[in-house]
Every structure is written in structure tokens, then in C-alpha cells.
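Below: the structure, in C-alpha cells.
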Amino acid sequence: MDDEREPQKKTRKPLCGVEFSIIFSSFCLRKSHAKRKNRARTNLSPLFFYARRRRRRRAFFYSGEWMLIEDEGDSLVTSSEEEEERRTMMKKNFPIGTRYLINRNGGKNFSVEKYRWSVLALTFLSYTMYHATRKPPSIVKSVLNPDSTQRELGRDGWEPFSGPDGNSLLGSIDVSFLAAYSIGMFFSGHIGDSMDLRKFLTIGMVGSGLFVCMFGMAYFLDIHSMYYFVAVQIMAGVFQSTGWPSVVSVVGNWFGKSKRGLIMGVWNAHTSVGNILGSLIAARCLRDSNWGMSFIIPGVLMALSGLVINLFLVVDPEDAGHASPHDTSLHHEGGDISEDRIELMSAAGGGESMSSMVSSDDERASTPGLGGGSSRSGFMERHQSEAVGFRAALRIPGVVTFSLCLFFTKLVAYTFLYWLPFYIERTEIGGEYLSAAKAGELSTLFDIGGVIGGILAGYLSDKYNARSMVSAGFVYASIPVLYLYREYGSLSMNVNIGFMMLAGVLVNGPYALITTAVSADLGTHESLKGNAKALATVTAIIDGTGSIGAAIGPMLTGYISSRTNDWNNVFYMLYTADLVAGMLLTRLVLKEIRAMVAL
């Protein structure tokens, strides 16, 4: 009786014979590898052997993959069906090009830092090309519909845009593209959350490049049908809508919230770099009197970049054997890993161990396999969970407000994107008018200001933890700057350049912040309870709403400028849009102020 009442002491269950055999075999592999070091390297991925006891279950990270062994009495049962499903998913989602580079690296997996740099570079390249293909229409407007001075020099334009309603038709071309883009955005976000983003992005880039080339082919095929141009622009807009939700979702998967505003502010420079690249290509082609190549060259580069994305882009850290920075299970399980861990050197790579424990989110995410089955289970949950619906995404606090704000800020930004070169070419600066090519080259300074604005807005929002205050401050400050640019930009070239670059800083700053850091914050909001399939949907809702404004702005600009022949009315529209955008953020600004005062 006394023996029965005596509490049982917790004892660690010794490893069974099968497990001991596996451990002993791994050491033998290491010794054997040392003897064969002068022979040709094999294609084996690194052998990381990692065992831990928890609830009669052991997880082994072998040859870059998780092996789950469950203890049932005296026997061991391997969940082979689940592992086979996970391996199939891994093969489908891991790009061939990156797999080849790992094999060339002796089978040794890359660190999370290298993957992050590659993700930033590849997504930067991707959206640079998206914007490079959007810029040519704004550059060739003056060639398609020349003014009276140019007509006297023998430049007749291109039917059907060379008539008296040419500006209105050019505005219709813009709205065809942007309307299809904004509508497609709402669907592409949900589709992107439901399939492999790498393949989705590749399809979008190749398809977009094809239809951009078709617009330019009208020059060589002597096509003058308005229906042709509208149809091509609609299809180009549909394929272009795949870009933004995909790249923001991929970057959001790899980076936590720490310094997200600054990182994405720098990364968002791809928008301005793409505009600059597209402007320079189009301007160079116009010097050769060939507006068709202004579209074909960016279109071909776009399609080729899509193939590069398909070969090398790793969408999620878990696809590469690294833990996600958003995986909350790491915080719950991280404390009891080391006592049951068996650390062995890599048999194939011969260099790295898994012995170092890390504490921060980013460092914890950089260690493959940490957290027992968390990486494995996170991988399975990510590919098996359902994407968040539109209603659930709209209920996230801040999504509706920032969506409406972006509607007006993007209206202003895209009016400059599509009409600034045309406006410069039709405006006297320092007593002279510029050619279409020179006007296109000068307009790139607005985009250079946009690069500075995106970085500055991201830095300030991170430093003060005030996304709304920074966005509202930039929007309100842009109103007087736009007024000064309109009234005094014609005095001299230096004055025009100064006000244009400052306008680029203030117009593109909040636009870049909302479409990147704010979208990523809301897509990983705590109300989602860890659901990883919401980021692209939230991004699509915000940017899709903004794209409706982007379609309306250029359309109204074409209509107003052709009917009234007075650009002051266009600028009145821009002042009003910025004012409304700032007022929409008032409630969130007050909330951030109260939070700062409470500290």
C-alpha cells in the first residue's frame, strides 16, 4: 500500500534500439564521408539529424526533410503517407533553379539571410518590369496625338488618336487598362492565396509581356482600330493585376514586422525605377521615330524576367526548410528544445551544426527545423488551410479606411504617371517647349523623388510607429507643393525640377507606404489568428480599391484637358483628392496620437 501511494518519479525514457541504430548510422556516414572527400560530391542535401522527445513522439530532420516517428508501445510507426504528401508539396513549390544552386553548393542549404536577399532582388526585378511596361503609353501620347506645332513639322500622329478628340481617346485607353487592372486585382489576390504564388506571378509576367508587345506591333502591322487597342489594354491589365498582391505577399512571408516600413520603403523603389526604365527606353525609341519598339522592348524584358522568377523565387521560408517569422509556435516550444536535442555535423556539407539557440524572431526563423515539428506542421497547415474570404478580410481593422485613402492617393500618383510627360511637353518652361523625348526624360525626376519619398515615409513610420500620421502628413503637405509646381514651375528649368522632385516625394511617399508596409501589417493582423493565407487577399483589396482611383484620375485628366484646354482644372482635381485622402485618416491619426500620449 505504501508503495502504491508513493508518487512515481518522472524518468526520461531511453532511446529504443531502432533510434539508437539511426544515430549510430549517421555517425558512420560522417566517417565514411571523410574518407571519400577526394571523390566526386554526391547530390545529397545536408544531413541534419535532430531528435527530441515530446509526448512519446520523435521528429527527425534528415537530409533536409522532416521524418516523424511515433512511439506506440514497443514498436515505432512512421507516418509515411503524411510525409509523402509533404514531400510532394515540397517538390512542387521549390524552384528548379534554386535546387540546382543548392546542388552546386555541395547540397548545402542556404541561410535565411541569403534567401531574403534573393527574394528582395527577384521581387524588385519583377515589379520593376511591371512598371516599365506601364510607362510607355504616357511617353508616346505626344507622338500619337501631336499638337499644331508638331503637325506643321510633318508629324501627323497615329489614327485614331490624331483627331480633335485624341486626348479623350488616349484617356479611354488608360481607363481600359486600369479598369481591368483594378477589377482583376480583387480576384487575383484570392487566387494568389489559393495557389503557388511563384507560378501565379510567372503566368502574369509572361502574359503581360505578350500583350504589351501586341500594342507595339500595331506600329509594324499598321493597325488603327480603336477596338484593337482597347482589347489589348484590357488583357494587359488583367495579367498585370497578378503582380502586386504576389510580390507583397512573398516579401511579407519572409520578413517580420520589425523595420518593415523601412525595408519595404527601400524595396518599393522598384515602382520608380520601373517608371524611369520605361521612360528612358520609350524616349530612346522615339528619337528613332519608332514608337512601336517603346512597347516591344519592355514587353520582351518582362516575359524573360518572368522565366527568371519561375526558376529562382522561393515563396515561403518553410519551402526552403526555414521557419516562418510569423510562426507563433516557435515562441511556445522554443524553451524546451535544447535538453532533448542531439546535435550532429552535416554529413554531406561537412560544416554546420544546429547547436546554436537563438532568441529573436528573425534569428529563430533562420534555423531550419527548430521547434520540433513546427516547421513541418507549419508547412502542411499553410498548404492545407483555406484562403481568407473578402468579408473576413474587410473586417480587419483599418482595411476599409486605408483602401479608401489609397483610392485618392493613387488617383493623384497615376495622373502623374500617365500624363506628366504630356503636360511637360505642352507647358512652356523657361521660355521654350521641350520635345516628347526630352519631356519623357525630364519626367523621370518625379520618380527619383518618389524613391526618396518611399524610403523616408517608411523610415518615419517605423521610428514613430505611426503609419497613419506619416501618410496623412505627406498627403496634406503635397497640396501646397502641387500648387507651387503648377504656378511657378514654368519660370525656369531649375525651379521646375525642384518642385517636381518635391512633389514626387510627397505624392509617392504615402502611396508607397500604404501599398507595402500597411498592407503587410494588415495582412498579418492578430485578428487573423495566424492564418497565413490572407496577405495577398488583403493586399488585393487595398490596392484594388486604389486602382479604381488610378483608373478614374487619368480618365478625368484626359476629359478635362480636352474639353476645357485648361490644366488648372486638372490640378484642382488633384488638390481635392489629396485633401479627402488626408481627412479619411483622421480617426486613425487621433488613435495613434492617443497611443503616443499614453506612453
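Under a 3.5 Å cut-off, the side chain of Asn109 and the backbone N or O of Ala320 do form a donor-acceptor pair. For Ser294 (side chain) and Pro136 (main-chain N/O), no donor-acceptor pair under 3.5 Å exists by modelled atom type. In this structure a side-chain-to-backbone donor-acceptor pair under 3.5 Å is present from Glu592 to Met469. Looking at Thr401, its side chain never comes within 3.5 Å of a backbone N or O of Gly398 through a donor-acceptor pair. In this structure, the side chain of Lys135 does not engage the main chain of Leu277 through any donor-acceptor pair within 3.5 Å. Not one N or O on the side chain of Trp419 forms a donor-acceptor pair closer than 3.5 Å with the backbone of Gly553. With hydrogens and angles ignored, the 3.5 Å screen pairs a side-chain donor or acceptor of Ser182 with a backbone N or O of Ala179. Ser118 places a side-chain N or O within 3.5 Å of a backbone atom of Tyr115 that can act as its donor or acceptor partner. Ser471 places no side-chain N or O within donor-acceptor distance of the main-chain N or O of Ser468, the cut-off being under 3.5 Å. Between the side chain of Ser443 and the backbone N or O of Leu420, no donor-acceptor pair lies under 3.5 Å.
Residues Gly582 and Val475 come closest through the heavy atom pair N-CG1, 3.7 Å. Nearest heavy atoms, Met501 versus Leu445: CG-O, 3.5 Å. Residues Ala550 and Leu178 approach most closely at O-CD1, 2.9 Å, considering heavy atoms.
Summarising the geometry, atom OH belonging to Tyr485 is positioned 14.5 Å from atom OG belonging to Ser478; distances are rounded to the nearest 0.5 Å.
Heavy atoms of other residues, nucleotides or ligands lying less than 6.0 angstrom from CD1 of Ile96 number 12 at most. Residue-environment remark: CE (Met583) stays at or below the threshold of 12 foreign heavy atoms within 6.0 Å. Annotation: Tyr476, atom OH; neighbour count of heavy atoms from other residues, nucleotides and ligands within 6.0 Å is above 12.
Side-chain N/O atoms of Tyr127 and Ser246 include no donor and acceptor closer than 3.5 Å. Donor-acceptor pairing under 3.5 Å is recorded for the side chains of Thr123 and Trp267. Between the side chains of Asp543 and Thr515, no donor-acceptor pair of N or O atoms lies under 3.5 Å.
Taking a cutoff of 4.0 Å between a charged side-chain nitrogen and a carboxylate oxygen, Lys141 and Asp174 qualify as a salt bridge. Residues Asp462 and Arg467 are paired through a salt bridge, judged by an N-O separation under 4.0 Å between the basic side chain and the carboxylate.
For the pair Arg134 and Tyr181, the distance from NZ or CZ to the six-membered ring centre is under 6.0 Å and the angle to the ring normal is within 45 degrees.
Side-chain atoms of Thr271 and Tyr130, non-hydrogen and from C-beta on, never get closer than 4.5 Å to each other.
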